[in-house]
Amino acid sequence: MMQTVLVANRGEIACRVFRTCRELGISTVAVYSDADAGALHVREADAAVRLPGAAPSETYLRGDLVVKAALAAGADAVHPGYGFLSENADFARAVTDAGLIWIGPPPEAIEAMASKTRAKELLGIEPLTDITEADLPVLVKAAAGGGGRGMRIVRELSSLEGELRAASAEAASAFGDGEVFVEPYVENGRHVEVQLLCDTHGTVWALGTRDCSLQRRHQKVIEEAPAPGLPAALEAQLLDTAVRAAKAVGYVGAGTVEFLVAGGRAHFLEMNTRLQVEHPVTEEVYGVDLVGLQLAVAEGHPLPPEPPAPRGHAVEARLYAEDPARGWAPQTGVLHRFEVAGGVRVDTGYASGDTIGVHYDPMLAKVIVHAPTREAALRKLAHTLERAVVHGPVTNRDLLVASLRHPEYASQGALDTGFYDRNLPALTTPAQGGEYAAVAAALAEASSRRSRFGGGWRNLRSQDETRTYGDHEVRYRPTRDGGYEVTSPEGVRVVQAGPGSVSLEVAGVVRHFEVAAYEDTVHAGGHRLTVRPRFTDPRDQSAPGSLLAPMPGTVVRVADGLAVGDRVTAGQPLLWLEAMKMEHRVVAPASGTLTALHAVPGRQVEVGALLAVVQEAVQEAVPEAVQQAVPEAVQEHAPSEAQEEDPA
C-alpha cells in the first residue's frame with residue numbers, strides 16, 4: 001500500500017492529485033522550482049523538495065532530480081500528473097528502478113504511443129509523404145509532445161519546407177525530439193476523445209466521449225462530456241478504436257484517445273498516455289475519481305468488470321490569464337482576489353494574492369459544472385463565471401461567458417474547431433455598461449478620499465471632478481446632502497456611494513457595483529478598468545518602427561541570417577519570444593530597413609524592451625488592414641507545446 005506520493009508536477013495538476021491523496025489518507029510531497037517557492041501546490045503538500053532553477057528544463061523536466069527528491073522525502077510512489085514527464089518512458093523506468101511505485105502506464109506502452117507516427121502505424125494509418133498541391137491544406141505536427149507545440153498549418157506548397165524546419169526546431173526545443181510528420185488538415189472538424197482506464201487484470205473501461213472543439217492555438221478552452229450530437233454508430237466506432245489501441249499496447253492506468261470528426265468520419269489523432277486536463281467532466285458524468293482509480297490500479301487492485309452508468313452533462317471552462325482581443329497574449333501580475341461561488345467544482349493552483357509569472361502556462365483554474373442536461377450545464381457555468389471575482393491581470397473570463405451563451409455553441413450541431421476563427425471579434429467586443437462601471441469606480445474613489453480626509457459640498461460651486469478609466473471619462477460633483485451628482489455620462493442617478501460599493505440608477509433600473517481598486521486597475525461590477533496613467537506610456541516615446549517586447553519573456557530565436565541593414569517586408573517574422581509556454585512571433589510592422597537588432601537568443605526581456613527597429617520605407621507602408629491584423633508587431637501566438645495542452 002502507498003503511504004506517501006510525490007507528484008512530479010506543479011500548480012493545479014499537483015493540487016488536484018493532492019486532493020485525492022488527502023481523501024485516501026496518503027501523505028503528499030511536492031517538488032518546486034525557485035519561481036514556484038511560494039506556490040499553492042507547495043503550501044498544500046505535506047512536504048516539498050526544491051529543484052534549483054526556474055526554467056522547466058532545469059527543474060520539472062529533470063527526471064533524475066525528481067527521483068532523488070522522492071527518495072529524500074521518503075515517498076514510495078510517484079504520480080506524474082499531466083504534462084512535463086508524464087509521458088516520458090525513461091522517467092517511468094527511473095522511478096521503478098529506484099524501487100518506487102509508478103502511477104502510470106508501463107514504459108513500453110508510453111513508448112509505443114509516444115510517437116504519433118508510430119501510434120498511427122500501430123493502427124494501420126500512414127502519414128502523408130510526397131506532398132502535392134492536391135494534398136493541401138496539411139498539418140505539420142511534432143511526433144512527440146503536445147499542446148500545439150511543433151504544429152503548423154500549411155496552405156501553400158512553397159511554405160512547406162520552412163514550416164517543417166520551424167516545427168522541427170520547436171519540437172526539439174520542447175520535447176528533445178525534432179521528428180515531425182504531415183497529415184491532412186481537417187477544416188473545422190470536431191475534436192472528440194475517449195477516456196480510458198485499464199487495470200493489470202485485463203479490464204478496459206471506455207468512459208464515454210468528450211468534446212473539446214472550442215480551441216485557440218490548437219489548445220482547448222471549453223470541454224464537455226458526453227460529446228453532444230454524435231450518431232450512435234460513430235460513437236461506437238470511437239469507443240471501439242480506443243479500446244483496440246489500449247489492448248494493442250497492454251495499456252494500464254488512465255489514458256485518452258483523440259479524434260477529429262468531420263463529414264461523419266473519425267480521423268485518429270493520437271493516444272495520450274496520461275490523465276488529461278479535461279478529465280473532471282468525465283468524473284462528473286460517471287461519478288468516479290480517476291486519480292483515485294489510478295492509485296488503486298497502481299497498487300494492483302482490479303477494476304469492476306463494467307464502469308458506472310453515465311448521468312447528466314458536464315462542462316469545463318479553462319480560465320486563463322490572457323487577452324483574447326490581443327492575439328491571446330498571456331498576462332502576468334498579482335492575482336489580487338480570486339473567488340468562485342460555491343456549488344461548482346474549481347480545480348486551481350492559485351489563491352488570492354498569488355503572482356502569475358512568466359515561466360509556466362497562464363491557466364488560472366478550471367471551473368466545472370454538472371447538470372441533468374447540456375442546456376442547464378451551459379447556463380449554470382456561464383452564470384457562475386460571470387459572477388466570479390477575478391481581480392488582477394486581464395483574463396478570458398468574459399470570452400468564456402460569451403462563448404457559452406453563443407447560439408452557435410449552444411446548438412449541438414454547430415461544434416467545430418473553427419468556432420473562434422469565425423466569432424472572435426464579436427466575442428471580444430467590450431461588455432456593455434463599462435461607462436457606468438467607470439462612474440462607480442470614480443465615486444468609490446471619491447468616497448474613500450472623503451472617509452480618509454473629509455470634505456464635501458461647498459456653497460461656491462467649483463469645477464466638476466474628472467476621472468478617466470480607459471476610454472471612459474467621468475465627471476461628477478459632491479452634493480449638499482453628502483452624495484454625488486454625475487454630469488457625465490448623462491442619465492445616471494447616484495443611489496448610494498461608498499468606498500467599496502456603489503448603486504446607480506440608469507433608465508429606471510438600479511444596479512449595484514462592488515468596487516475594488518488596485519495600483520493601476522479598478523474592478524467594478526465585473527468590469528476591469530484601467531486607470532489612465534499620469535505619464536506617457538514608454539511605447540509612445542519610442543522611435544517610429546521600434547519593436548517592443550509585448551510581454552516579459554525569453555528570446556528563443558532570431559530569423560536565419562537576419563542582420564542590421566537588411567531589407568525586410570511588412571509582416572516578415574523577425575524573431576520569436578517565449579513566455580508562459582507560448583511562442584510569440586514578432587514581425588516587421590512595415591517594409592523598410594532593419595536599423596537595429598537588440599534581440600539575442602537566450603536573452604530575458606521585460607515588457608516594453610526594445611527588440612529591433614525597422615526604418616519604414618514610406619512608399620511601402622503596411623496597409624491599414626494589415627496593421628489591424630498585426631497589433632503591436634505580434635503576428636501570432638503559437639503554443640509553446642499538439643492538440644492537447646499541458647498546463648505545466
Side-chain angles (χ1 to χ4, degrees), residues 55-58 60-61 83-84 87-88 114-118 127-129 131 137-183 185 217-219 270 327-328 330 358-361 547 549-551 553-563 566 568 571-588 594 597-605 611-612 633-646 648:
S57 60
E58 301 172 332
Y60 298 109
L61 289 171
F84 288 142
E87 295 180 280
N88 187 306
S115 168
K116 296 176 179 62
T117 53
R118 288 189 286 276
L128 285 177
T129 57
I131 312 301
V138 296
L139 190 64
V140 178
K141 294 176 68 174
R149 199 160 195 184
M151 181 182 291
R152 300 287 191 280
I153 300 171
V154 179
R155 300 184 183 277
E156 296 180 5
L157 199 59
S158 60
S159 64
L160 178 60
E161 185 176 346
E163 295 292 17
L164 284 168
R165 287 198 304 268
S168 178
E170 189 178 353
S173 173
F175 316 121
D177 184 347
E179 181 187 357
V180 296
F181 67 99
V182 180
E183 67 182 14
Y185 179 60
R217 302 182 311 249
H218 308 293
Q219 294 180 313
E270 60 186 316
W328 311 95
V358 302
H359 297 286
Y360 311 111
D361 187 90
L547 302 184
M551 65 216 45
T554 303
V555 178
V556 290
R557 57 194 174 104
V558 175
D560 292 343
L562 187 67
D566 286 354
V568 298
Q572 176 181 337
L574 302 181
L575 57 101
W576 287 258
L577 292 177
E578 184 178 280
M580 301 171 81
K581 286 189 64 188
M582 295 300 302
E583 187 175 273
H584 310 272
R585 180 185 298 182
V586 179
V587 305
L594 184 70
L597 180 60
H598 302 289
V600 177
R603 175 189 169 198
Q604 294 268 343
V605 297
L611 302 173
V634 179
Q635 184 191 55
E636 177 182 312
H637 300 277
S640 199
E641 270 185 64
Q643 297 278 9
E644 169 56 26
E645 175 183 24
D646 300 334

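Numbers here are sequence positions counted from 1. Below, all heavy atoms of this structure are taken into account, side chains as well, without hydrogens, waters or symmetry copies.
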Task: Member of Ile153, Ile131, Leu164 meeting the side chain to side chain contact (heavy atoms under 4.5 Å, CB included) criterion with Val140 - done: Leu164

- [ ] Examine distances only and state if a side-chain atom of Arg217 and a backbone atom of Trp328 form a donor-acceptor pair shorter than 3.5 Å.
- [x] yes

Open item on the list: With side-chain contact (heavy atoms from CB on, under 4.5 Å) as the criterion, how do Leu577 and Leu611 come out once you've worked through the C-alpha distance, each side chain's angles and the decisive distance to 0.1 Å?
Closed with: CA-CA 10 Å; Leu577 292 177; Leu611 302 173; 4.1 Å; yes

Open item on the list: How close do Ala549 and Val605 get, counting heavy atoms only, and between which atoms?
Closed with: CB-CG2, 4.0 Å

Task: Leu61 side, atom CG; Asn88 side, atom CG - distance, nearest 0.5 Å - done: 8.5 Å

Open item on the list: Under a 3.5 Å distance rule, please check whether Arg152 uses its side chain to pair with a backbone N or O of Gly162 as donor and acceptor.
Closed with: no

- [ ] Could you tell me which non-hydrogen atom of Gly178 sits nearest to which non-hydrogen atom of Ala171, and how far apart they are?
- [x] CA-CB, 4.3 Å

Open item on the list: Just verifying a value: how many Å separate Asp361 CG and Gln219 CD, rounded to the nearest 0.5 Å?
Closed with: 6.5 Å

TODO: Can you see which heavy atom on Leu594 is nearest to which on Ala612, and at what distance?
DONE: CD1-CB, 4.0 Å

Task: Closest non-hydrogen atom pair between Asp566 and Gly561, with its separation - done: OD2-O, 3.4 Å

- [ ] Please report the shortest heavy-atom distance between Val154 and Ser159, naming the atom on each side.
- [x] CG1-OG, 3.6 Å

Open item on the list: For the OG atom of Ser168 and the CZ atom of Phe181, what is their distance to the nearest 0.5 Å?
Closed with: 13.0 Å

Task: NE2-CG distance between His598 and Leu547, expressed to the nearest 0.5 angstrom - done: 10.0 Å

- [ ] Report the relative orientation of the aromatic rings in Phe84 and Tyr60; use parallel for angles under 30°, tilted for 30 to 60°, perpendicular for over 60°.
- [x] parallel

Task: Derivation of the side-chain contact (heavy atoms from CB on, under 4.5 Å) call for Val586 and Leu574 - done: CA-CA 6 Å; Val586 179; Leu574 302 181; 5.6 Å; no

- [ ] Measure the spacing between CD of Gln572 and CG of Leu562 and express it to the nearest 0.5 Å.
- [x] 7.0 Å

Open item on the list: As a quick check of understanding, evaluate side-chain contact (heavy atoms from CB on, under 4.5 Å) for Glu183 and Leu128, giving each step before the final call.
Closed with: CA-CA 5 Å; Glu183 67 182 14; Leu128 285 177; 5.5 Å; no

Task: Nearest-0.5 Å distance that lies between atom CD in Glu163 and atom CZ in Arg155 - done: 11.5 Å

